[in-house]
Amino acid sequence: MNDEWRTISYRKAISALKRQKKPITSYQEAIKIRGIGDRTAEKIAEIIETGNLRRLQHFSEDDEVIKKFSDIWGVGSAIAMKWYAKGYRTFDDIIQNVKLTRVQRIGLECFDDLRERIPRDEVTEISKRVEEAACRIDPKLLCITVGSYIRGKPTCGDIDILITRNNTDGKTSSGPFLKLLNTLREQGLLTHDLTKHQEENATSRYFGICKLPGGEKYRRIDLFTVPFNELGAALLSFTGNDIFNRSMRLLARKKKMKLNNHGLYKNISRGRGGDSLTEGTLIAQRTEREIFDALGVPWR
DNA sequence: TGGCCAATACTG
DNA sequence: CAGTAT
DNA sequence: GCCA
């Protein structure tokens with residue numbers, strides 16, 4: 001079921017509603033709001049008049065089951081619905097009857113913990129341990145905790161750490177990366193691997209699960225290595241949030257450019273599907289400021 | 001009717 | 001490749 | 001889902 005855009009649309013409508021200063025009291029008021037159309041305004045009107053939405057009464061426990069299945073790491077809507085179609089309704093059904101993939105087993109094992117948000121202080125503590133380990137391997141490694149943490153949120157869904165190294169001496173961060181992962185595993189900080197990455201690429205990513213020694217809960221952690229000259233593009237992309245990223249990339253697209261986690265490119269021609277046909281020319285990647293300027297966006 | 005709040009890396 | 005993830 |  002591809003309700004991706006419907007979901008996004010509802011989210012947009014919700015945030016538009018939250019922005020309203022006065023309560024909405026009618027269909028006419030609701031439909032004036034940008035992002036709320038006929039269908040949503042109808043639903044709002046029904047809630048105003050009757051106090052609830054009939055449609056929601058039909059929202060059954062079945063939907064809850066599919067939702068819960070897809071909350072397992074490694075299980076998306078397709079697999080969740082497949083399991084449902086086979087008649088499975090509980091985690092126990094799944095464990096008994098399904099040949100789970102390695103990551104799905106981990107997702108299930110850590111299910112409860114991974115649903116919890118992580119207090120900011122704990123993210124700080126975990127980041128510090130990663131940074132110390134990295135520094136012992138190579139003092140010039142630079143670790144930056146990005147994601148919601150760098151945006152100053154009081155809690156985070158996971159821990160995202162970007163690792164880079166000033167490469168003017170010819171070395172990069174990709175070499176020490178595997179060593180760092182091994183060190184963190186030996187320390188017991190990393191408890192489960194969700195990705196087994198291939199070779200030592202210039203840029204590589206690790207997804208896993210960690211737990212502070214004496215800590216209460218398993219936490220999702222992502223580690224990325226980034227070439228030093230791409231740091232700006234990487235920061236922009238991993239700082240988010242998602243909506244901000246997408247809007248920046250859409251802006252780039254409208255200007256016949258392309259923005260990704262490696263950099264900003266110009267002179268892009270795109271096919272019908274929106275995929276770029278030409279490589280384009282790299283015009284900015286080293287700092288966020290460069291990219292903002294090249295896109296014509298006021299800096300912060 | 002079709003684009004939108006993207007583009008890309010792993011897994012099996 | 002489709003699916004899932006960021 | 002919304003919008004052009």
Side-chain angles (χ1 to χ4, degrees), chain A residues 1-17 30-44 53 55 69-83 98-107 114 146-148 156-162 174 193-199 201-209 220-226 230 233-255 257-265 268 270-276 279-280 285 291 295:
Chain A
M1 184 161 38
N2 198 355
D3 276 346
E4 183 192 350
W5 291 110
R6 196 195 316 278
T7 307
I8 289 169
S9 196
Y10 271 121
R11 235 179 5 224
K12 204 167 172 182
I14 289 167
S15 70
L17 263 185
I31 202 163
K32 281 185 200 156
I33 301 169
R34 164 132 192 136
I36 294 180
D38 177 60
R39 309 290 302 276
T40 304
E42 289 272 10
K43 294 184 176 73
I44 290 170
L53 193 58
R55 185 72 196 284
F69 284 168
S70 58
D71 279 345
I72 301 169
W73 207 92
V75 179
S77 59
I79 292 174
M81 292 182 70
K82 193 170 75 186
W83 286 351
V98 175
K99 172 103 175 85
L100 292 168
T101 67
R102 188 181 62 85
V103 297
Q104 288 166 351
R105 274 199 306 276
I106 297 170
L114 297 189
V146 290
S148 46
C156 303
D158 63 1
I159 304 148
D160 298 309
I161 303 179
L162 187 159
S174 66
D193 300 333
L194 293 170
T195 57
K196 302 248 182 243
H197 60 85
Q198 326 284 52
E199 324 231 325
N201 295 322
T203 166
S204 54
R205 53 177 45 180
Y206 168 85
F207 299 157
I209 292 175
R220 275 281 293 106
I221 184 168
D222 297 341
L223 303 174
F224 309 90
T225 63
V226 171
E230 294 181 9
L235 278 174
L236 190 52
S237 137
F238 294 127
T239 295
N241 58 18
D242 288 1
I243 294 180
F244 174 75
N245 279 350
R246 288 181 173 193
S247 59
M248 284 285 279
R249 290 170 181 192
L250 181 66
L251 176 63
R253 178 179 283 237
K254 284 184 178 151
K255 298 192 172 190
M257 298 193 274
K258 179 175 79 170
L259 177 62
N260 63 22
N261 55 324
H262 299 296
L264 178 67
Y265 306 77
I268 300 284
R270 292 176 188 274
R272 280 182 298 106
D275 39 325
S276 42
E279 282 305 307
Q285 62 175 183
I291 296 170
L295 269 176

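We name chains A, B, ... by the order of the sequence lines, and we start the count at 1 in each one.
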(request) Count the heavy atoms belonging to other residues, nucleotides or ligands that lie under 6.0 Å from CZ of A:R39, then report whether that count exceeds 12. (result)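 No - once you tally the heavy atoms of other residues, nucleotides and ligands closer than 6.0 Å, there are 12 at most.
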
(message) Check this for me: A:K12, atom NZ, are more than 12 non-hydrogen atoms of other residues, nucleotides or ligands nearer than 6.0 Å?
(response)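 No, NZ of A:K12 has 12 or fewer neighbouring heavy atoms, counting only those of other groups under 6.0 Å.
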
Looking at [X], does any N or O in its side chain come under 4.0 Å of the phosphate oxygens OP1/OP2 on [N]?
X: A:K258; N: B:dT8; value: yes
X: A:T40; N: D:dC2; value: yes
X: A:R6; N: D:dG1; value: yes

Between [atom2] of [N] and [atom1] of [X], the distance in whole Å:
X: A:R105; N: B:dG12; atom1: CZ; atom2: P; answer: 9 Å
X: A:H262; N: B:dA6; atom1: NE2; atom2: C1'; answer: 13 Å
X: A:R253; N: B:dG2; atom1: CZ; atom2: C1'; answer: 14 Å
X: A:Y265; N: B:dT8; atom1: OH; atom2: C1'; answer: 12 Å
X: A:I291; N: B:dA6; atom1: CD1; atom2: P; answer: 18 Å
X: A:Y10; N: D:dC3; atom1: OH; atom2: C1'; answer: 16 Å
X: A:R246; N: B:dT8; atom1: CZ; atom2: C1'; answer: 13 Å
X: A:Y206; N: B:dT8; atom1: OH; atom2: C1'; answer: 20 Å

(message) Measuring from the side chain of A:R102 (C-beta onward, heavy atoms only), which nucleotide among B:dG12, B:dC4, D:dG1 has the closest atom?
(response)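 Closest of the options to the side chain of A:R102: B:dG12.
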
(message) Distance check, rounded to the nearest 0.5 Å: A:N261 atom CG versus A:L235 atom CG?
(response)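 Those atoms lie 11.5 Å apart.
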
(request) Quick one: pull up CG in A:L264 and CZ in A:R249 and give me the separation to the nearest 0.5 Å. (result)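 The distance works out to 11.0 Å.
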
(message) I'd like to check the side chain to side chain contact (heavy atoms under 4.5 Å, CB included) partners of A:K82; sequence neighbours left out, ordered by chain and number.
(response)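 Scan of A:K82 (side chain to side chain contact (heavy atoms under 4.5 Å, CB included), adjacent residues dropped) gives none.
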
(message) By a 5.5 angstrom centroid cut-off and a 30 degree plane limit, is there stacking between A:W5 and B:dC4?
(response)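 A:W5 ring centre within cut-off of B:dC4 base, planes near parallel; stacks.
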
(message) Over 60° means perpendicular and under 30° means parallel, so tell me whether A:F69 and A:W83 are parallel, tilted or perpendicular.
(response)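 Aromatic pair A:F69/A:W83 classed perpendicular.
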
(request) Please list, in 5' to 3' order, the outermost nucleotides of DNA chain C lying under 4.0 Å from any heavy atom of chain A. (result)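 Contact boundaries, 5' end first: C:dG3 to C:dT6.
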
(request) Report the residues that fulfil side chain to side chain donor-acceptor pair (under 3.5 Å) with A:T101, sequence neighbours left out, ordered by chain and then residue number. (result)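 A:T101 satisfies side chain to side chain donor-acceptor pair (under 3.5 Å) with A:Q104 once adjacent residues are dropped.
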
